[in-house]
Engineer: 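Take a look at this one; I'll ask things after.
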There are 2 protein chains.
Amino acid sequence: MSKPGAQVLMTLRQQIASGELPGGTRLAEIPTAQALGVSRMPVRMALRILEQEGLLVRAGARGYTVRSVTLDDIVAAVEVRGVLEGLAALRAAERGLDQVADTALRQCLADGDALFAKGHLIEGDIAAYEDMNIRFHEVLLAAGGSQAIREALMRNDHLPFASVKALAADKNDLEREFRRLNYAHMQHHAVYDALAKGQGARAEALMREHANATLAYTDLLSGLSS
Amino acid sequence: MSKPGAQVLMTLRQQIASGELPGGTRLAEIPTAQALGVSRMPVRMALRILEQEGLLVRAGARGYTVRSVTLDDIVAAVEVRGVLEGLAALRAAERGLDQVADTALRQCLADGDALFAKGHLIEGDIAAYEDMNIRFHEVLLAAGGSQAIREALMRNDHLPFASVKALAADKNDLEREFRRLNYAHMQHHAVYDALAKGQGARAEALMREHANATLAYTDLLSGLSS
DNA sequence: CGGCTTATTATTGGATCCAATTAAGGGCAA
DNA sequence: TTGCCCTTAATTGGATCCAATAATAAGCCG
């Protein structure tokens with residue numbers, strides 16, 4: 001209630017991401033405003049922003065509809081994330097890691113090693129891995145030292161499932177997740193090795209491939225529009 | 001007057017791109033609204049959109065300031081454009097060119113050849129080359145067949161000087177421009193050759209390098225903030 | 001009976017008004 | 001004289017109102 005604008009934006013984002021508003025749903029100002037208990041103004045702002053982010057598309061001259069996102073869309077967005085993070089890794093390797101970045105990355109690797117050392121995963125480990133994973137990618141991006149890459153990535157990550165933060169782990173099959181996440185973590189190790197040795201091309205190629213590790217195809221197939 | 005909203009947006013974009021509103025300039029709603037002769041509402045919309053596009057940054061909790069764009073920012077944005085168009089080229093090569101794309105690209109090459117055949121450039125040729133250049137990049141992007149790449153590029157191109165459309169030709173030194181644009185056109189030829197032969201990696205590498213052809217460093221150095 | 005035209009309604013965009021928040025400046029006290 | 005607090009002004013965000021526009025439905029004419 002303190003910030004209706006931000007509230008509306010968050011709510012709509014969440015409803016779109018969660019599938020509560022499936023692709024193709026028409027969003028008019030007045031009904032949504034009434035549904036959320038605010039005036040039309042914050043809704044208008046939110047709709048414009050969500051359009052800019054690519055979550056909504058204009059329905060002719062009359063309002064917006066929720067974007068229908070296909071599996072191909074997600075794969076393409078992940079591919080884009082791959083080349084962008086790859087470029088960040090290339091630049092980081094060429095510039096060299098500074099002290100704090102090096103320490104942070106080593107910490108990420110150690111945290112991951114601790115998770116996998118016991119040979120299996122327990123429920124809380126998924127969240128711990130996600131946290132470490134986000135940190136790793138964030139540090140790497142910062143080490144790339146390019147505002148343009150950061151912005152392009154932030155824009156790209158608006159798409160549901162495309163972000164690093166949405167790695168869609170299946171908590172019901174911890175055995176399978178162990179292998180998947182362990183593989184991803186090994187890629188982290190390899191990327192760090194390449195960075196430390198100044199091997200830009202290798203770091204880039206690894207990060208490009210690593211983007212695919214986010215995808216858990218079978219899980220994604222359910223709950224997609226069109 | 002028919003469309004105050006779009007008018008305000010266009011005007012502000014142009015004033016920012018032209019340097020009439022230099023980096024760091026504070027933009028408050030009321031003064032700009034009065035200056036443009038409209039109410040605060042379309043200005044508010046425009047400011048939000050321009051913030052999303054990255055042309056404005058928030059000044060604390062009070063209004064926006066025009067983003068200061070450095071030469072490094074532009075180089076980084078061009079680098080990002082390179083990897084994105086490179087990815088589009090890679091995908092286009094792997095998917096294969098369809099009939100209309102192939103024809104359109106050949107037409108672009110022929111148009112360019114005609115321009116350079118006479119051994120020198122005349123004033124109107126610059127505009128003709130720009131037109132052909134935009135067409136070439138557009139067709140290639142379409143051939144990549146990825147909405148994610150297109151969106152990432154569109155967002156990246158909002159930055160002044162970063163877009164394909166801003167190749168900053170120096171009309172006072174047509175001799176130098178002849179060599180520069182001819183080189184760029186040769187890269188177009190090479191990219192098409194790679195595409196036609198299904199050489200994805202080659203096409204990608206060429207497009208990545210080709211992005212740099214937009215930059216005319218000496219011309220850009222003047223008129224930049226900070 | 002069907003197509004075209006017109007009228008009505010739904011919906012967005014713009015303007016003005018109001019409240020809330022923050023920054024700045026001045027005054028008072030130590 | 002300086003620092004802190006209080007008051008005031010400026011500016012943004014939200015709500016309501018009004019106008020313009022497009023879509024839909026109904027009625028009339030062919």
Side-chain angles (χ1 to χ4, degrees), chain A residues 1-16 20-68 151 154-155 158 225, chain B residues 1-16 20-68 151 154-155 158 225:
Chain A
M1 199 199 293
S2 51
K3 313 259 183 221
Q7 194 67 28
V8 168
L9 196 58
M10 282 207 318
T11 305
L12 288 179
R13 265 215 208 91
Q14 181 190 336
Q15 287 181 341
I16 293 173
E20 188 176 339
L21 292 174
T25 305
R26 173 130 180 246
L27 274 185
E29 286 182 6
I30 299 180
T32 39
Q34 287 176 343
L36 298 180
V38 293
S39 88
R40 283 176 50 207
M41 199 56 58
V43 175
R44 243 152 97 175
M45 296 293 185
L47 292 183
R48 298 299 176 81
I49 291 177
L50 293 173
E51 183 202 8
Q52 284 277 320
E53 291 181 357
L55 272 70
L56 300 179
V57 293
R58 302 204 67 112
R62 276 305 167 73
Y64 300 89
T65 58
V66 177
R67 169 173 181 181
S68 290
E151 285 171 13
M154 276 181 46
R155 264 96 187 226
H158 281 134
S225 45
Chain B
M1 200 199 293
S2 52
K3 311 262 181 217
Q7 194 67 29
V8 168
L9 197 57
M10 282 207 319
T11 305
L12 287 179
R13 264 213 208 92
Q14 181 191 336
Q15 287 181 341
I16 293 173
E20 187 175 339
L21 291 174
T25 305
R26 171 127 182 249
L27 275 185
E29 287 182 7
I30 300 179
T32 36
Q34 288 176 342
L36 299 180
V38 294
S39 87
R40 282 176 51 207
M41 199 57 56
V43 175
R44 244 151 96 175
M45 296 293 185
L47 292 183
R48 297 299 174 81
I49 291 177
L50 293 173
E51 182 202 9
Q52 284 277 320
E53 290 181 359
L55 273 68
L56 300 180
V57 292
R58 302 203 66 111
R62 278 302 168 73
Y64 300 89
T65 57
V66 177
R67 170 175 180 178
S68 291
E151 285 172 14
M154 277 181 47
R155 264 96 187 228
H158 280 134
S225 46

Engineer: To the nearest angstrom, how far is A:M45 atom CE from C:dG13 atom P?
Structural biologist: 12 Å

Engineer: Can A:M45 and B:R44 be said to form a side-chain contact (heavy atoms from CB on, under 4.5 Å), step by step?
Structural biologist: CA-CA 9 Å; A:M45 296 293 185; B:R44 244 151 96 175; 3.6 Å; yes

Engineer: So do B:T25 and B:T65 actually touch side chain to side chain, heavy atoms under 4.5 Å?
Structural biologist: no

Engineer: Could you check B:L56 against B:I16 for side-chain contact (heavy atoms from CB on, under 4.5 Å), going step by step and ending with a plain yes or no?
Structural biologist: CA-CA 9 Å; B:L56 300 180; B:I16 293 173; 3.9 Å; yes

Engineer: Would you tabulate the nitrogen or oxygen pairs shorter than 3.5 Å linking the protein to nucleotides 6-12 of chain D?
Structural biologist:
{"unit_1": "D:dT12", "atom_1": "OP2", "unit_2": "B:E29", "atom_2": "N", "d": "3.2"}

Engineer: Do side-chain atoms of A:R67 reach the backbone of A:G54 as a donor and acceptor pair under 3.5 angstrom?
Structural biologist: yes

Engineer: Roughly, in whole Å, what's the span from CD in A:Q34 to C1' in C:dT12?
Structural biologist: 15 Å

Engineer: Let me see the working for B:M41 and A:M41 under side-chain contact (heavy atoms from CB on, under 4.5 Å), right down to the final yes or no.
Structural biologist: CA-CA 10 Å; B:M41 199 57 56; A:M41 199 56 58; 3.8 Å; yes

